[in-house]
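Reading through the C-alpha cells given below for one structure.
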Amino acid sequence: MDQYQLAEIFDRISALLEIKGEVVYKRLAYKRAADSLRDLNADLQQLHAENRLEEIPGVGKAIAEKIAELLDTGHLRFLEKLEAEIPPSLVELLSIPEVGPKKALLFYKEAGVTSLAELEAAAREGKLSQLPGIGPRTEARILANIEAHTRRSVRMPLREARIAGERWLRWLRGLPGVQQADLAGSIRRWRSTIGDIDLVAASADPKPVMEAFVNHPEVKLVNDHGEYKSSVLLNSGISVQLWVQPPERYGTLLFHGTGSKDHNVRLRELAQQRGLSLSERGLVDKEGREQLFADEEQLYKAFDLPWIPPELRENRGEFEAARNGRLPELIRLEDLTAELHSHSNWSDGSLPILKMAQAARERGLRVLAITDHSQSLGVANGLSPERLRAQRKEIDAAQAELGDSILLLQGVEMEIRADGMLDLDDDTLAGLDIVIASLHVGLRQPREEVTRRMLTAIRNPHVDLIAHPSGRLLGRRDGADLDWDAVLAAAKEHGVALEINAHPDRLDLDDIYAHRAAEMGIPIAINTDAHSPADMDLREYGVYIARRAWLGPAQVINTWPAERLLRWLRERQPS
DNA sequence: GCCGTTTTCGGCCCGACTGTTTTCAGTCG
C-alpha cells in the first residue's frame, strides 16, 4: 500500500466522519493527514520501520497508529467499524452541489437514502420536500444538480475551460464600470482539470455588473445572485462564478478567488496569529480597522512574504519556501528550445518531416526529434526496423535542406507491448539518436504486471525517455495502476528521463509525480507529442504543469543547449 | 485529531448567499 492509496483512505474517513456529524476538526485532521501523505517525499515503509510516522505533518499518535495498521495488515478496523455505521455509498451524495453532510445524513436517516440513484428517486417522488428544513425549491435544485452531475460527471479539461473562460473575460472587461478583471480559481492555477470557471472583477459599482452577468444570453440557470457574488449554469452545462469588489479591494478578491482553498486558509491562519482577520474584502484588526489591498503583491507583503505564483498555491510548502526566500525560479515557455517527441506522416502525424521541422523552427525551437510509432502499433502505421532505416535518409535530406537552423534527431516512440516485450531489437535502437518508450496498450493490467513492463523499458540501456508515463487520457481513461515508487526509483537508477506530456488531453506526468521525480534528481522532459504544427503551440500547458511541480529550467532537458543534450544522449548509450 | 516564539489545553478561516424561517443553519469556495 503506497502513500496515495493511504491518502485516499484517510480522505474517505474524513468524508464519513463529516456525515456522521463528528466535530469538524476531527475530520479536518484526517483530511490534513491525507493531503500530507500525498505530498510526502520520503519512504513511508522506512518511516514506519524507524517509528517516525509522527514526523509527518498533521500526523499524531492516533493517525500514526492507523497508518501502521494499514501498512502491516492492509486493513483498518476503525474504517470497517465506521462503514458499518455509515453506508460508504453515502459519500457520493456529497458530490452533488447543495448536498452537504447534514442533508446527506438527514436523507439517510429519515428517507432511507443510501446512494445517488436512491436520492434521485426520492426527489422525483417528492419525498425530500416532506423532510424538516427541506422545501420544494431545495428539492427541485437537488434534482437539477443530480441531472447536471450525470451529464457532466467529470471535470472539464483545462484547455476547454481556458478557451471558454477567456471568452467570458473579454466580455466582462468590455462591460461599463469594470476596471479590471481576471480568470481566477483553478484555471489561474493551471490545474489539469477544472470544475467551474471563476471570474473576478473590480468595479466601483458591482450591482450592474452582476445584473449583466446573470442576464447573459448563455445563462440557463441562476444559482446565486448576490451583491458581491453570483453563480450561473450555462446552456453548455458549464458553471461560471463571478465575484465583484471595488478596485481598492481587488487584491484580496483576486487572492480569494484564486485559491486554492488550502492556500487561502493558511494565509488566514497567519492573519489570525497576528490578531487580524483576512477575507476577500480586506484585512481587519480587532478594533475593526480595515487595511485594503488593490493588488496581490501588497497583500503578501503585509505578511512579509514575496508574491507567490498561482501555480504554487496548493499548500504544498509554498509558505515555508516563501518565508525562507526559497521560492523556485520557475521555468517559462521561452526556456524551451527543443521538442523531443513528435510524429511525421511516416506514422500517424499529418505532415512530412521537413514541414514539421520548419514549423518547429518558426516557433523558435533549435532541436526537433522525429519519434514516430513503432511497428506493433498498427493503427498508427508504426515503423519496422526497415522503415526506420529508410526514414533516416529522409531525415538526413531534410537536415541538409535546413542547414544549421534547427537540429533534427531521429528517434522512435517504441511500444511497451502488452506481453511485456519491447517492440524493437537492441541493434535497431542503437542506430537511433533518441529512444522513447511508452504504454498505449494493456493499461488495465494489474499493478504488478504493468509495472513490470514499465521497468523492462526503463532498464533497457537504449531507452532515454518514458513518454506520458501513466497513459491517462483526461476525462476518458484512467492511467495505468503503476507502482510509482518502483518506477521513480528505476528511472533514478538508470538516469532515464520522464516526460510531462503537454497535450491537454494528457498532462502526464501530473504535477505531483513530476515534483517527486524532480526532487529525486530524475531529468524531466516537456514535449507536446506533436502530430501537427498546431500541437506545438500546446507547449505552454506542459510548462505550467512543470511550474506546478516547482520545476526550474535546469531540471528540464528541453532547455539544454543542443550540445549538452547530445552529450547526455551519447553518454547514455552503452559503449 | 493535531498542535504550541502567546498555549501541553483550548483553540482550530472567513464571508456570501439561499431557503425556510421568524433569527439562522447549511453549503460553498
Side-chain angles (χ1 to χ4, degrees), chain A residues 10 13-14 17-19 21-36 53-67 78 93-107 128-142 145 184-189 194-200 206 210 214 222-232 239-245 249 252-284 290 313 315:
Chain A
F10 287 113
I13 291 175
S14 176
L17 289 177
E18 191 178 14
I19 295 173
E22 267 291 357
V23 288
V24 58
Y25 298 108
K26 194 184 262 198
R27 73 153 245 276
L28 263 176
Y30 280 97
K31 192 193 163 278
R32 285 211 165 133
D35 290 345
S36 191
L53 288 172
E54 288 186 46
E55 289 176 21
I56 301 169
V59 173
K61 190 161 174 291
I63 293 182
E65 279 171 8
K66 293 184 176 71
I67 295 174
F78 175 77
L93 302 196
L94 301 183
S95 64
I96 302 302
E98 313 213 23
V99 180
K102 296 293 192 297
K103 290 197 189 114
L105 190 66
L106 178 75
F107 298 155
L128 300 184
S129 53
Q130 290 160 27
L131 300 173
I134 308 291
R137 305 178 72 157
T138 300
E139 186 172 60
R141 284 171 69 137
I142 286 175
N145 284 331
S186 43
I187 295 185
R188 184 163 181 242
R189 304 199 313 280
I194 303 297
D196 55 16
I197 295 172
D198 294 311
L199 296 161
V200 294
M210 282 303 177
V214 299
V222 178
N223 282 322
D224 301 324
H225 179 190
E227 193 179 349
Y228 300 115
K229 190 191 110 181
S230 295
S231 90
V232 300
S239 296
V240 186
Q241 181 156 227
L242 172 66
W243 286 276
V244 186
Q245 288 284 341
R249 300 181 191 270
T252 36
L253 177 65
L254 179 59
F255 167 81
H256 175 84
T258 298
S260 66
K261 188 175 191 286
D262 291 342
H263 178 89
N264 291 2
V265 166
R266 279 294 299 275
L267 200 63
R268 290 198 201 112
E269 284 171 353
L270 287 182
Q272 198 190 39
Q273 285 166 18
R274 300 178 178 206
L276 303 166
S277 169
L278 173 65
S279 78
E280 63 264 47
R281 296 179 51 78
L283 196 54
V284 189
E290 273 193 317
R313 299 186 195 171
N315 192 27

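Values below: all heavy atoms of this structure, side chains included; hydrogens, waters and symmetry mates excluded. Residue numbering restarts at 1 for every chain, and letters A, B, ... go by the order of the sequence lines.
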Against the six-membered ring of A/Tyr228, is A/Arg281 placed for a cation-pi contact (under 6.0 Å from the centre, within 45° of the normal)? yes
Send over the distance from A/Glu18 CD to B/dG1 C1', rounded to a whole Å. 15 Å
With rounding to the closest Å, how many angstrom separate the P atoms on B/dT20 and B/dC14? 29 Å
Base, sugar-phosphate alone, or nothing: which one does A/Leu278 contact when heavy atoms must sit under 4.0 Å apart? sugar-phosphate
Pair A/Arg189 + A/Asp198, salt bridge at N-O below 4.0 Å: no
When the C1' atoms of B/dC13 and B/dG29 are compared, how many Å lie between them, rounded to an integer? 12 Å
Starting from P on B/dC14, measure out to CG on A/Leu270 and report it in whole angstrom. 12 Å
If the P atom of B/dA16 is compared with that of B/dT21, how far apart are they to the nearest Å? 25 Å
So does A/Lys26 get a side-chain nitrogen or oxygen closer than 4.0 Å to the phosphate oxygens (OP1/OP2) of B/dG1? yes
Does A/Ser231 put a side-chain nitrogen or oxygen below 4.0 Å from OP1 or OP2 of B/dC28? no
Shortest non-hydrogen pair, A/Leu94 vs A/Pro101, comes out as CD2-N, 3.6 Å
Grab the CD-P distance between A/Glu269 and B/dT6 for me, whole Å please. 15 Å
Look at all strands and tell whether A/Val59 reaches a base, only sugar-phosphate, or nothing, counting heavy atoms closer than 4.0 Å. sugar-phosphate
Would you indicate what A/Ile96 reaches in the nucleic acid, counting non-hydrogen atoms under 4.0 angstrom: base, sugar-phosphate, or nothing? sugar-phosphate
What's A/Arg281 touching, base or sugar-phosphate or nothing? Going by heavy atoms closer than 4.0 Å. sugar-phosphate
Can you tell me how far P in B/dC17 sits from the matching atom in B/dT22, rounded to whole Å? 22 Å
Heavy atoms from C-beta onward define the side chain here; which of B/dT18, B/dC17, B/dG19 lies closest to that of A/His225? B/dT18
Looking only at atom C1', what distance separates B/dC9 and B/dG15, rounded to whole Å? 29 Å
Would you tell me if any nitrogen or oxygen in the side chain of A/Arg141 comes within less than 4.0 Å of OP1 or OP2 on B/dT18? no
Atom-to-atom span, CD of A/Gln272 to P of B/dT7 - whole angstrom: 16 Å
B/dC24 -> Watson-Crick or G-U wobble partner, both distances under 3.5 Å, gives B/dG19
Let me know the distance between NZ of A/Lys61 and P of B/dT8, rounded to the nearest Å. 20 Å
Got a salt bridge between A/Asp262 and A/Arg266, using NZ or NE/NH1/NH2 to carboxylate O under 4.0 Å? no
In this structure, how many angstroms lie between the P atom of B/dG29 and the CG atom of A/Leu253, rounded? 16 Å
So, A/Arg249 and A/Glu290, do they make that salt bridge, N to O below 4.0 Å? yes
If you check the A/Tyr228 side chain, which of B/dC14, B/dG29, B/dA16 turns out closest? B/dA16
Contact under 4.0 Å: A/Gln273 side-chain N or O vs B/dT6 OP1/OP2: no
N/O (side chain, A/Arg268) to phosphate O (OP1/OP2, B/dC14) under 4.0 Å: no
Which atom of A/Ala33 lies closest to which atom of A/Ile63, heavy atoms considered: CB-CD1, 3.8 Å
Closest listed nucleotide, where the reference is the side chain of A/Ala29 and the choices are B/dA16, B/dC2, B/dC13: B/dC2
Work out how far the C1' atom of B/dG11 is from that of B/dT6, and round it to whole angstrom. 12 Å
Out of B/dT27, B/dC17, B/dC13, whichever nucleotide has its closest atom nearest the side chain of A/Pro101: B/dT27
Send over the distance from A/Leu242 CG to B/dA16 C1', rounded to a whole Å. 13 Å
Mind calculating the distance between CD (A/Glu98) and C1' (B/dC28) to the nearest angstrom? 10 Å
Taking for A/Asn264 and for A/Ile63 the nucleotide of DNA chain B with the nearest heavy atom, the one nearer the 5' end belongs to A/Ile63
Please compare A/His256 and A/Leu276 by the position of their nearest nucleotide in DNA chain B and report the one closer to 5'. A/Leu276
Which one, B/dA16, B/dT27, B/dG29, comes nearest to the side chain of A/Lys102? B/dT27
Please measure how far the P atom in B/dC3 lies from the corresponding atom in B/dT8, and state the result in whole Å. 16 Å
For A/Leu242 and A/Met210, the nearest pair of non-hydrogen atoms, with its separation, is O-CE, 3.4 Å
Under 4.0 angstrom between A/Tyr30 side-chain N/O and B/dG1 OP1 or OP2: yes
Regarding A/Arg27 and A/Glu22, does a basic nitrogen lie under 4.0 Å from an acidic carboxylate oxygen? no
Which nucleotide in the list B/dA16, B/dG26, B/dG29 gets nearest to the side chain of A/Trp243? B/dG29
Contact class for A/Gly259 vs. all strands (heavy atom < 4.0 Å): base, sugar-phosphate, or nothing? nothing
Sticking with atom C1', work out how far B/dG10 lies from B/dC24, rounded to a whole angstrom. 26 Å
Scan A/Pro132 against the nucleic acid and name what it touches under 4.0 Å (heavy atoms): base, sugar-phosphate only, or nothing. nothing
What nucleotide among B/dC14, B/dG29, B/dC17 has an atom nearest to a side-chain atom of A/Ser279? B/dC14
Is the shortest side-chain N/O distance from A/Ser277 to OP1 or OP2 of B/dC14 below 4.0 Å? yes
